[in-house]
Amino acid sequence: QVPLVESGGGLVQAGGSLRLSCSASGRTFSTYTMGWFRQAPGKEREFVGGVSWSGRSTAYGDSVKGRFTISRDNAKNTLYLQMNSLKPEDTAVYYCAARLGDLGRTRYDYRYWGQGTEVTVSS
């Protein structure tokens, strides 16, 4: 089990920035590949980005490339998502997720999930 808790969501104007955090319990955080996903009402859960256990490899969904940055601090058991140049279409519930193994890009690749934090971008 990898209990995950997201924070940092909220309401922001278009063009603004937010940083999401995902805190993990336990001593094995550094062994997990981590990912961020998002789900807007009526839509499928979408891959936002992922980072390898070491932090050296990252991957992003096409819709956020160049605007979002994923990072991790294994000493603090925390995953981050820096979101810049936010757009109304970024409005969604954002989830962090964990898996053992290589970077995955689908929700089915990840075993452990947080409860989500809501992000609303106003126009």
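In what follows, residues are counted from 1 in the order of the sequence shown. What you see is a predicted model, and the numbers here were worked out from it, not measured in a lab.
- Residues Gly114 and Tyr95 share a closest heavy-atom pair of O-CD2, 3.6 Å.
- Taking all atoms of both residues into account, the shortest heavy-atom contact from Ala92 to Ala40 is CB-N, 3.8 Å.
- Note on residues 46-62: pairs passing salt bridge (charged side-chain N to carboxylate O under 4.0 Å, His left out), not counting sequence neighbours, are Arg38-Glu46, Asp62-Lys65.
- Residues passing the side-chain hydrogen bond (donor to acceptor under 3.5 Å, both in side chains) test with Gln39, sequence neighbours excluded: Arg45.
- Other residues sharing a hydrophobic cluster with Trp53 under the 4.5 Å side-chain heavy-atom criterion for ILVMFWY residues do not exist; the residue is a singleton.
- The backbone N or O of Ser7 lies less than 3.5 Å from no partner atom in the side chain of Ser21, so there is not a single donor-acceptor pair.
- Residue pairs meeting the salt bridge (charged side-chain N to carboxylate O under 4.0 Å, His left out) criterion with at least one partner in residues 95-112, sequence neighbours excluded, are absent.
- Gln115 contributes no side-chain N or O that, together with a main-chain N or O of Val5, makes up a donor-acceptor pair within less than 3.5 Å.
- Grouped by direct or indirect side-chain proximity (heavy atoms under 4.5 Å, Ile/Leu/Val/Met/Phe/Trp/Tyr only), Val64 sits with Val2, Leu4, Val12, Leu18, Leu20, Phe29, Tyr32, Met34, Trp36, Val48, Val51, Tyr60, Phe68, Ile70, Leu79, Leu81, Met83, Leu86, Tyr94, Leu100, Tyr112, Val119, Val121.
- Rounded to the nearest 0.5 angstrom, Ser71 OG and Arg19 CZ are separated by 7.0 Å.
- Atom-to-atom distance recorded for Gln13:CD and Ser123:OG is 9.5 Å, nearest 0.5 angstrom.
- Here the side chains of Tyr80 and Thr69 are not in contact, with every heavy-atom distance at 4.5 Å or above.
- Between the OG atom of Ser25 and the CG atom of Asn77 there is a distance of 8.0 Å, given to the nearest 0.5 Å.
- Across every non-hydrogen atom of Trp113 and Tyr110, the tightest pair is NE1-O, 3.2 Å.
- A donor-acceptor distance shorter than 3.5 angstrom exists from the side chain of Glu6 to the backbone of Gly116, with no hydrogens or angles considered.
- Listed by chain and number, the residues in a side chain to side chain contact (heavy atoms under 4.5 Å, CB included) with Ser52 are Ser54, Ser57 (sequence neighbours excluded).
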